[in-house]
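Everything below concerns the one structure shown next.
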Amino acid sequence: MEQKRKYFTVNYGCQMNEYDTEVLSGHLENLGYVPAGRIEEAEVLVINTCAVRQKAEEKVFSYLGKLHSLKQQNPNMLMVLWGCMVQQESVARKVRQRYSFIDLICGPHALGRFPELLEKARCSTRPVIELSELGDRENLPVKRKQGIHAWVPISHGCDNYCSYCIVPYVRGAEKSRRPENIMQEIRELVREGYREVTLLGQNVNSYGKDLEKDMNFARLLELADGVEGLLRIRFMTSHPRDFSEEVIRVIRRGEKICEHFHLPLQAGSNNVLQRMNRGYTREDYLQLIAKIRELIPGASITTDIIAGFPGEAEADFAQTMDMVRRIRFDAAFTFVYSPRKGTRAACMEDQLAPEVKKERIVALNNLQNRISLEKNEKLVGSTREVLVEGRSKTDPEMYTGRTRTNKIVHFCSNEELTGKLVKITITKAGPWTLTGQLLGIEEKLHR
Ligand code: 5AD
Ligand code: SF4
């Protein structure tokens, strides 16, 4: 039997990066490749990278260090370094100089041109570098993981220029996808058996501002809510500045749109928010949270927070802690500020010492973990609608699913229920996950 050519992918980035890796896999499968069980079997290795924090880059460099011997053992393996990190010219140059065994270095814009670039790299004795911003992102092949959940990008790039963030520089200007293309993709996903989609964008709330006048995120959510056979719709990431009341009302009315709001706060002091160029004050943010809770009392709210932004005084950080105490987020992703070359914040004076940043993030995490646990404990005894995702990754005896509010629940189940909505009574709570007992299949959707 003919041996099929194999590929292997490694992903370091965010959800958008995961989606891009699915497109790269789709291209490779169109070219006749199949996934390799082990990296050593691969003829093509794709490493998709992230630039958002220094740590993400360090991880990739340390991985590259290990790849040299793999290349020596498999000199024919084509090694591809893809994504946001190498879109930065200085990084691409460094990779070419120090890791010359990498065959293809590509920024995220070249997604549609991957097959031709791969061919070019195959024929070249020197690394091929492609960083141009040209490229269409429609009609691309997508090889999604089998499952019930799919990522669906609704826009690409970002125009916000938050002063700490590298994304606008590496992903380019914001561009909305055509609503008919998005809807067609969602309908097709449902036909293939997917039950939940997450609409993705750097700022989903500004969706449509480059399209016709009556197209916006609220309208898109309404359209998606009408897709028959789809069970749930999620979306991320939201920008508090652009979050309209109309969207909250559409979510409230919607049948499938989950009541989970991921609303990055980033900082709690107006002084820091202003220097971050976030475009809202702590008062605006509190008002938005109040509106969400007034209209959708059971909504869950999660956030991103950066500790140790340049010039963040003790009093500023105290304001962040105060916001966390007042709002009581369901969960928070917390980050130590990491200077990114080329961004405005990286040039600001008063960069904080690593010990100060560390101390602050520890305090923040301690506070938030306590709140997350308390909020989850309140759910014990209640019955929730859970979409079954399949066997738990950590305990194959158990199954995993999520509540509409995006809480992960572990429970005993069977394979037949995967992809179905079930009723689960919560029996135990931890800060990050819940445990529950299966009651039965959900007859109809409800909150
Ligand atoms: N340093 C630390 N965290 C950052 N983020 C973005 N840029 C930086 C940076 N330079 C965080 C923000 C954003 C999340 C995806 O990553 O909180 O919401
Ligand atoms: Fe995703 Fe941003 Fe990282 Fe790129 S830089 S992979 S867009 S988080």
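Excluded from the calculations below are hydrogen atoms, water molecules and symmetry mates; all remaining heavy atoms, backbone and side chain alike, are included. For clarity, every value in this text was computed on a predicted model and none was experimentally measured.
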Under the side chain to side chain donor-acceptor pair (under 3.5 Å) criterion, do D210 and S176 qualify, and how do the steps go? CA-CA 7 Å; D210 50 342; S176 305; 2.5 Å; yes
Please tabulate, for side-chain N and O atoms in residues 57-66, each donor-acceptor pair with protein atoms closer than 3.5 Å (sequence neighbours left out).
{"residue": "E57", "atom": "OE1", "partner": "R340", "partner atom": "NH2", "Å": "3.4"}
{"residue": "E57", "atom": "OE2", "partner": "Q88", "partner atom": "NE2", "Å": "2.7"}
{"residue": "E57", "atom": "OE2", "partner": "R340", "partner atom": "NH2", "Å": "2.6"}

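- Here H410 pairs with T400 under the side-chain hydrogen bond (donor to acceptor under 3.5 Å, both in side chains) rule; sequence neighbours left out.
- Within the structure, side-chain hydrogen bond (donor to acceptor under 3.5 Å, both in side chains) contacts touching residues 429-439 (residues at least two apart or in different chains) do not occur.
- D330 meets the salt bridge (charged side-chain N to carboxylate O under 4.0 Å, His left out) test with K375, K407; sequence neighbours excluded.
- Applying the salt bridge (charged side-chain N to carboxylate O under 4.0 Å, His left out) test to R219 and every residue at least two apart in sequence or in another chain returns E222.
- Within a 6.0 Å radius of CD in E18, more than 12 heavy atoms belonging to other residues, nucleotides or ligands are found.
- Partner of F235 under the side chain to side chain contact (heavy atoms under 4.5 Å, CB included) criterion, out of V204, V152, L200, T198: V204 alone.
- Partners of Q87 by side-chain hydrogen bond (donor to acceptor under 3.5 Å, both in side chains), not counting sequence neighbours: none found.
- Screening residues 288-322 for ring pair (Phe, Tyr, Trp, His ring centres under 6.0 Å) gives F309-Y337 as the qualifying pairs, with residues at least two apart or on separate chains.
- Shown here are the side-chain contact (heavy atoms from CB on, under 4.5 Å) partners of A353, two or more places apart in sequence or in another chain: E355, V356.
- In this view, K71 and D103 satisfy the salt bridge (charged side-chain N to carboxylate O under 4.0 Å, His left out) rule, not counting sequence neighbours.
- With sequence neighbours excluded, the residues satisfying salt bridge (charged side-chain N to carboxylate O under 4.0 Å, His left out) with R326 are D322.
- Partners of A150 by side-chain contact (heavy atoms from CB on, under 4.5 Å), not counting sequence neighbours, listed by chain and number: R144, L189, Y194.
- Residues passing the side-chain hydrogen bond (donor to acceptor under 3.5 Å, both in side chains) test with E22, sequence neighbours excluded: none.
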